[in-house]
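Here is how names work: the chains are called A, B, and so on, in the same order as the sequence lines, proteins then strands, and each is numbered from 1.
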Amino acid sequence: MDYNFLEIEKKWQAWWAANKTYKAVTDPSKPKYYVLDMFPYPSGAGLHVGHPLGYIASDIFSRYKRLKGFNVLHPMGYDAFGLPAEQYAIQTGQHPEKTTADNVARYRSQLDRIGFSYDWDREVRTCDPAYYKWTQWAFLKMFGSWYDNAMQKARPIEDLEAAFAQGGSAAVDAACGEVKPFSAEEWKAFSPREKADVLMQYRIAYQGESTVNWCPALGTVLANDEVKDGYSERGGFPVFQKKMTQWQLRVSAYAARLLEGLDRIDWTDSLKEMQRNWIGRSQGAEMVFKVKCDGASYDMTIFTTRADTVFGVTFMVLAPESEWVAKLTSASQKADVDAYLEQVLKKNERERMAAKAVTGVFSGSYAVNPLTGEEVPVWISEYVLAGYGTGAIMAVPAHDSRDYAFAKKFNLPIIPLIEGADVSEESFDAKEGIMMNSGFLNGLSVKEAIPAAIDYVEAHGIGHRKVNFRIRDAIFSRQRYWGEPFPVCYKDGIATPLPMEALPLTLPEIDQYKPTEDGQPPLARAKDWNYEGYPLEVSTMPGFAGSSAYYLRYMDPHNDKALVSKEADEYWRNVDLYIGGTEHATGHLIYSRFWNKFLYDLGYVVEDEPFRKLINQGMIQGRSNFVYMIPGTNKFVSAGLKDRYETIPVHVDVNIVYNDRLDMEAFRAWRPDYKDAEFILEDGEYVCGWAVEKMSKSMYNVVNPDQICDTYGADTLRLYEMFLGPLEQAKPWDTKGIDGVNRFLKKFWRMFWDREKWLVVDEEPTRAELKALHKLIGKEQEDIETFSYNTTISAFMIALGELQGCSKRAILEPLVILLSPFAPHIAEELWHQLGHEDSVVYAKYPEYVEEYTADDSVKYPVSFNGKTRFTVDVPASYSPAEVEASVLANDLTAKYVEGMQVAKVIVVPGRIVNVVLKK
RNA sequence: GCCUUGGUGGUGGAAUGGUAGACACGAGGGACUUAAAAUCCCUUGGCCCGAAAAGGCCGUGCGGGUUCGAUUCCCGCCCGAGGCACCA
């Protein structure tokens, strides 16, 4: 029998599906292991060869864990709400549900060909009402909760109302927006609308005005992580800053816990670091400055991390969007300030970032330095951000480079505060040195001065210690159609949650997927979009809503009473291994952690961190091929000769290039303008140039996994993707190397079959055969646990060489089990041919016996002063002293010792002998 | 600018401080074949010396250091990738 991969793969894929081989069932008698892939957004382009990389890695791990006796949960689903389907709908009028369903079907058929061990009974789709019912449910829970800073957890909003009735706003320490203090009596006297407005400031899902990223081209607001360099991540449209009222999630309340949790999870350092930067904790102080404007006087709070530099404050700066701007603009400066504001506020995000020039305007007001009593001018400049700290700063030009640039531009004084620091050309930003010009801080080091200054400030009631976070609340509404509707209606203009029984609130049908004429979101087009006569919210939830808790839903996907049952959650708990791309570092992976912690606070889940271990698979890049055209002609020059002509490189489809040799006939047939192409050849061949680029249609370097499955089989594809290099590293796809792993599988097959002859015999294996087998078992275990799949495959190839001609059942059976995580189809086929009726999935992983792999003798390389000269072969049982003796007895030693003396001999057991010589 | 990574043959890549380049691709040579495919065997980092066997020197981005011994550890540079970027 030959290795007919097409037949084998089809046969076993059908068999697995029919037998539900990979069905996961809660089984408390076994340890659980939860392996999760980041579920894909089903795009219209289908999968290319880079997409399944992480899926193959997680599949290998899942299969390995099953063999090791774990009860494995390995599900898959689709992140199906999203902008591309909706953009397509706007263009074609086709319902996004339809395109999404088509794309899902295509994805599924592509995934199925690769032989994954998913439990498809647990599939979820975020756009399915039965699924998004629980997304809406979570939103309602967040709407009905507030964050108690004292207890550091979310609590029901009823507790807050009770506290207000008891002691007014002072009774709680909560994460909240701007609230005017009120007493218990005032609270009780508030109208329903006033109460609603106050509570809105405390809710975890709340409506609030803030500066948001507005993308006119997409007609929607975007979250910070959806904006890259001033353009929308999807579509690349310009983004503007705009003040708008939007639904938001109080992610900032969880900043400290999101940061702390990173220490308890097994993620890569770079990813943790990205999240730490995104959360951006900074420790400092808030300080109050008296400010005066046209006779009026106010207390203005600023945030600083350098309280030690107060003596060097020579001016203050407000963000253009700050509320202080209106209060602190003097009558005489009003015209200038207005002109400046107009010019600044119309710029989009991109233009603001691109502008390197320092801009600003004097407000006309002055602030009083609380330590020196000196008056300094208050300026307005766009280099101060409205959203961070208090939107106002004290400027210390001597020791902050941004303040320095501003001071230079507007000729403001610069007072150096650190001994020996030269600030004539640039500021001295480092937190080191000895203080001067700083009153009571003189003589202290910066490290001592910072706390000393804050102590002083606190003692004198000027300010207090404060930790600030950079992370903002997540903007949670989108003015789009294809997303979860908010289960909220408006009664007399008050946002009111729908009752749980009303869920899921399904998306209404609309005639067009565009905004209305008067700029309302698409849902405003829906007829009867109201609940019991009250109008419903018309924006929808963003993409990350549906992906924030999907891992919980997989545990119990068909439950219509709860997101996940207590039993299922207590058994599966959280994800043991999560594999996905690093591009979600500051989006999905923050939101999920937040969402999970919220559910944890309310007692719905038992673990506060959702993903215990996380691996980032590296991107698979494309390898593009080029032909070299002589401009203005139809002549193409082979790569080796291109420098002799004036040429320009042109991308050529990698699928008509073999081993960098162009198929010239296929090239002429490829595009009409090339049908008369002439070639200037080297050695009768046309050699193409190549480069590593992103895999994309426009570079003609996309390789489709289906095509690889057709010509080599899924097992070869799986093996090759892993063999390409370390999982976490970015690497180019080059189909030409695939023959190597394909040959390996054919060789493996030939250990069982010589054409039509079945070779397997029941003979005792030799010691050498056992050694080869157990070396491989040891290596595979070690490698899989560390995700070094590429070296496992090498070890397999070596083992096959060592086992050449061996067809003993006692060797081959374990080999099949060892191979099954990597190449499940061929393993399943051979496993059944060996007489098993059950799937190889239920086999037991072979026990590693170290004794078999021990060497009888050891080859020691012998070095003289570090340079290796020869090797000696000594029994493995020799002690270092015996090894040394046998080396010194070797006649080759004399040759190298000639004229020298042996100073000492270093024997590293099992490794090397080094003889140190001296004159 | 800051943070995180990485830099090894023609290519992808191996190496708990211990014979650098495993394994694979490609290339070259050979066997089988009318031929091709498939399969199998040999060679393959560079240089020097030799008829050959053997032998020697240089080599892991660059420069130092620690060590008997460094791709690996330390210090300083250079280059590439990813992230953050007026966060006071």
Side-chain angles (χ1 to χ4, degrees), chain A residues 2 228-229 268-278 280-282 284 302-306 309 317 319 352-353 355-356 358 381-385 387-396 399-403 405-406 429 468-472 582-583 585-586 616 618-619 621 623 659-660 690 692 719-720 723-726 728-744 746-747 750 782 788 790-798 800-801 859-871 903-918:
Chain A
D2 278 339
K228 292 266 174 318
D229 296 329
T268 59
D269 289 339
S270 67
L271 195 69
K272 286 187 185 181
E273 217 33 52
M274 268 191 241
Q275 290 213 341
R276 285 193 188 106
N277 291 339
W278 191 259
R281 182 182 196 273
S282 79
I302 57 96
F303 175 73
T304 181
T305 54
R306 293 294 301 272
T309 59
V317 187
R352 253 190 165 181
M353 289 192 305
K356 284 273 175 276
V358 178
S381 173
E382 58 184 329
Y383 85 88
V384 174
L385 303 178
Y388 185 74
T390 61
I393 62 151
M394 65 179 211
V396 186
H399 302 291
D400 182 289
S401 54
R402 296 153 302 179
D403 298 343
F406 196 83
D429 291 14
N468 252 329
F469 292 97
R470 228 182 64 165
I471 193 168
R472 310 291 156 80
T582 172
E583 68 272 18
T586 53
N616 293 120
M619 235 214 311
Q621 299 147 310
R623 186 179 186 276
N659 202 5
D660 289 340
W690 61 273
V692 172
L719 235 27
Y720 188 52
F723 188 64
L724 227 39
E728 306 193 42
Q729 191 179 303
K731 55 224 168 242
W733 176 273
D734 184 1
T735 307
K736 84 176 174 195
I738 202 169
D739 286 318
V741 289
N742 190 240
R743 273 175 210 145
F744 159 75
K746 288 182 191 159
K747 268 186 216 168
R750 284 202 302 273
E782 195 188 310
S788 309
N790 54 334
T791 51
T792 316
I793 298 169
S794 295
F796 245 109
M797 291 172 172
I798 294 166
L800 246 53
K859 277 199 193 325
Y860 279 90
V862 180
S863 304
F864 289 84
N865 283 351
K867 286 220 156 57
T868 307
R869 302 301 172 159
F870 59 90
T871 54
K904 59 176 166 174
V905 178
I906 297 156
V907 177
V908 181
R911 289 288 180 186
I912 195 167
V913 180
N914 193 38
V915 183
V916 184
L917 298 177
K918 63 176 187 195

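Taking the P atom of each, B:rC75 and B:rC3 are spaced 14 Å apart, rounded to whole Å. Separating the C1' atom of B:rC49 from that of B:rG65 is a span of 35 Å, rounded to the nearest Å. Separation of the P atoms belonging to B:rU60 and B:rU72 is 9 Å when rounded to the nearest angstrom. Comparing B:rA14 with B:rU8, their P atoms are spaced 11 Å from each other, to the whole Å. Comparing the C1' positions of B:rC78 and B:rA38 gives a spacing of 49 Å, expressed to the nearest Å. Remark: the separation of the P atoms in B:rA81 and B:rG13 is 16 Å, to the nearest Å. Nucleotides B:rA70 and B:rG61 are separated by 16 Å at their C1' atoms, to the nearest Å. Comparing B:rG56 with B:rG7, their C1' atoms sit 30 Å apart, to the nearest whole Å.
Residue contacts shown for A:I393 include a base, since a base heavy atom lies under 4.0 Å away. The residue A:R472 sits close to a base: some heavy atom pair falls under 4.0 Å. Heavy atoms of A:R743 sit under 4.0 angstrom from primed sugar atoms or phosphate atoms, though from no base atom. Within 4.0 Å of A:V384, counting heavy atoms only, lies at least one base atom of the nucleic acid. Within 4.0 Å (heavy atoms only), A:K747 reaches sugar-phosphate atoms of the nucleic acid but no base atom. Among the protein residues, A:D660 comes within range of no part of the nucleic acid, since none of its heavy atoms lies under 4.0 Å from any strand. Nucleic acid contact for A:D269: none, since no nucleic acid atom lies under 4.0 Å from a heavy atom of the residue.
In this structure, B:rC40 and B:rG30 make a Watson-Crick or G-U wobble pair, each of the two defining distances being under 3.5 angstrom. Across the strands present, B:rU71 finds no partner; the criterion is a Watson-Crick or G-U wobble pair with both atom distances under 3.5 angstrom. For B:rA51, there is no paired nucleotide, since no Watson-Crick or G-U wobble pair has both relevant distances below 3.5 Å. B:rC86 makes up no base pair with any nucleotide shown, lacking Watson-Crick or G-U wobble contacts both under 3.5 Å. Searching all strands for a Watson-Crick or G-U wobble partner of B:rA81 with both distances below 3.5 Å returns B:rU4. Pairing of B:rA15, defined by two Watson-Crick or G-U wobble distances under 3.5 Å, is not identified with any nucleotide. Nucleotide B:rG76 forms a pair with B:rC62, judged by Watson-Crick or G-U wobble geometry with both contacts under 3.5 Å.
A:I738 places its CD1 atom 12 Å from the P atom of B:rC25, with the value rounded to the nearest Å. One atom, CG of A:N277, and another, C1' of B:rG83, lie 8 Å apart when rounded to the nearest Å. Here B:rU5 presents its C1' atom at 15 Å from NZ of A:K731, a figure rounded to the nearest Å. Distance, A:F870 CZ to B:rA54 P: 18 Å, rounded to whole Å. One can place CG of A:D429 at 11 Å from C1' of B:rG1, the figure rounded to the nearest angstrom. Here B:rG83 presents its C1' atom at 17 Å from NZ of A:K272, a figure rounded to the nearest Å. One atom, CD of A:Q729, and another, P of B:rG82, lie 14 Å apart when rounded to the nearest Å. Between the P atom of B:rG69 and the CZ atom of A:R869 lies a distance of 14 Å, rounded to the nearest Å.
Nearest nucleotide to the A:E273 side chain, out of B:rA88, B:rU4, B:rU39: B:rU4.
Taking the syn range as angles within 90° of 0, the glycosidic angle of B:rG50 is outside it, so the base is anti.
Formation of a donor-acceptor pair under 3.5 Å by the A:Q275 side chain with backbone atoms of A:A585 is found in this model. Checked by atom type and distance alone, the side chain of A:K731 pairs as donor or acceptor with a backbone atom of A:P726 at under 3.5 Å. In this structure a side-chain-to-backbone donor-acceptor pair under 3.5 Å is missing from A:N616 to A:E728. With A:R472 contributing its side chain and A:R470 its backbone, the two residues share a donor-acceptor pair below 3.5 Å.
Residue A:N659 places at least one side-chain N or O closer than 4.0 Å to OP1 or OP2 of B:rA27. In terms of phosphate contacts, A:Y383 brings no side-chain nitrogen or oxygen within less than 4.0 Å of OP1 or OP2 of B:rA88. Put simply, A:R750 has no side-chain N or O that comes within less than 4.0 Å of OP1 or OP2 on B:rA38.
The residues A:R623 and A:D660 are annotated as salt-bridged, a charged nitrogen and a carboxylate oxygen being separated by less than 4.0 angstrom.
With hydrogens and angles left out, the side-chain atoms of A:D403 and A:Y383 include a donor and acceptor closer than 3.5 Å. In this model, a donor atom of one side chain and an acceptor atom of the other lie less than 3.5 Å apart for A:D429 and A:S401.
Counting heavy atoms from C-beta outward, A:V916 and A:V905 have side chains that stay 4.5 Å or more apart.
Using bins of under 30°, 30° to 60° and over 60° for the plane-to-plane angle, the ring pair A:F744/A:F796 lands in the perpendicular bin.
Where A:G740 and A:A730 each meet RNA chain B at their nearest nucleotide, the meeting point lying more 5' is that of A:A730.
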Do nucleotides 17-23 of chain B as a string where each nucleotide becomes B, S or -: B if the base has a protein heavy atom under 4.0 Å, S if just the sugar-phosphate does, - if no protein is that close.
-BB--BB
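Scored by the ring-ring contact (aromatic ring centres under 6.0 Å, His included) test, A:Y388 finds no partners at all (sequence neighbours excluded).
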